[in-house]
Amino acid sequence: MNFAPLDTSLIEQRLRDQVTALEEVLGAAEYSQVRELNGYRMGTAYVVLAAERNPAGAGPQAQRKVAAEAVFGVVVCTRNYRDTVGGAAQDEAALIAGQVRGALHGWAPPGWKPCIWLQANVLDSDQSRVLWLDVFTTTHVLGGNP
């Protein structure tokens, strides 16, 4: 084990395997390159690590291993030209969000506690596009050399 941050590539792969409605799943690097709403790829999810913290805080610390509570988001951009007010895009966002939640809530790769869904937000929208965020948490172990 090492002291690296949460490996979001595991989450990305889980979404590729489980959410067939997504055309592509990318990471934080690709997400950070987009500057405006129309720059997001439709049908694409972006997995972004938001924060990590030590739940023990200032208390006694283990020398070789420590728990790390991680918060990550899955940002999905959906688009639909069926109407002019964005309602169909919102419906598509809700459908994909449900599939993302189903794929991640309760799932745990080896060494992680099960992922737990925390909240969702619409980050941005226009007449035909919705940028949706689902936020999850999990705990993984940071560990030093044996």
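Expressed to the nearest 0.5 Å, how far CD of Q119 lies from CG of L133 amounts to 7.0 Å. The distance from the CZ atom of R129 to the OG1 atom of T78 is 9.5 Å, given to the nearest 0.5 Å. Here E12 contributes atom CD and D7 contributes atom CG; the two are 8.5 Å apart, rounded to the nearest 0.5 Å. The distance from atom CG of L15 to atom CG of L26, rounded to the nearest 0.5 Å, is 11.0 Å.
In this structure, the side chains of W132 and V75 stay at 4.5 Å or more apart for every pair of heavy atoms. Between E69 and H140 there is no side-chain heavy-atom pair separated by less than 4.5 Å. Residues L22 and T44 fail the side-chain proximity criterion, which asks for heavy atoms closer than 4.5 Å. For the pair P55/R53, a side-chain contact is recorded, criterion being any heavy-atom separation below 4.5 Å from C-beta on. Taking the side chain as every heavy atom from C-beta outward, V141 and V66 never approach each other to under 4.5 Å. Counting heavy atoms from C-beta outward, I11 and F72 have side chains that approach closer than 4.5 Å. Between L10 and R14, the closest side-chain pair of non-hydrogen atoms is not below 4.5 Å. Residues E52 and L6 have side chains in contact (heavy-atom distance under 4.5 Å, counting atoms from C-beta outward).
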query: Taking it one step at a time, do T138 and I116 satisfy side chain to side chain contact (heavy atoms under 4.5 Å, CB included)?
result: CA-CA 6 Å; T138 187; I116 299 170; over 6 Å; no
message: Under the criterion side chain to side chain contact (heavy atoms under 4.5 Å, CB included), I'd like the reasoning laid out for T8 against V48: C-alpha separation, chi angles, the key distance, then a yes or no.
response: CA-CA 7 Å; T8 58; V48 180; over 6 Å; no
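In this structure a side-chain-to-backbone donor-acceptor pair under 3.5 Å is present from T137 to A70. Not a single donor-acceptor pair under 3.5 Å links the side chain of N121 to the backbone N or O of L123.
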In residues 98-114, what donor-acceptor pairs under 3.5 Å come from side-chain atoms, sequence neighbours left out?
residue	atom	partner	partner atom	Å
R101	NE	D134	OD1	2.8
R101	NH2	D134	OD1	2.9
H105	ND1	W117	N	3.0

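Between E24 and R41, at least one side-chain nitrogen of the basic residue sits less than 4.0 Å from a carboxylate oxygen of the acidic one, meeting the salt-bridge criterion.
The hydrophobic cluster containing L131 also contains V34, counting ILVMFWY residues as joined when their side-chain heavy atoms lie under 4.5 angstrom apart, directly or transitively. Linking Ile, Leu, Val, Met, Phe, Trp and Tyr whenever their side-chain heavy atoms come within less than 4.5 Å puts L37 and Y31 in one cluster.
I96 and A21 get closest at one heavy-atom pair: CG1-CB, 3.9 Å. What you find for L49 and P5 is that their closest heavy atoms are CD2-CB, 3.8 Å.
Between Y40 and Y46, the ring planes are perpendicular. Angles over 60° get that label, and only those under 30° would be called parallel.
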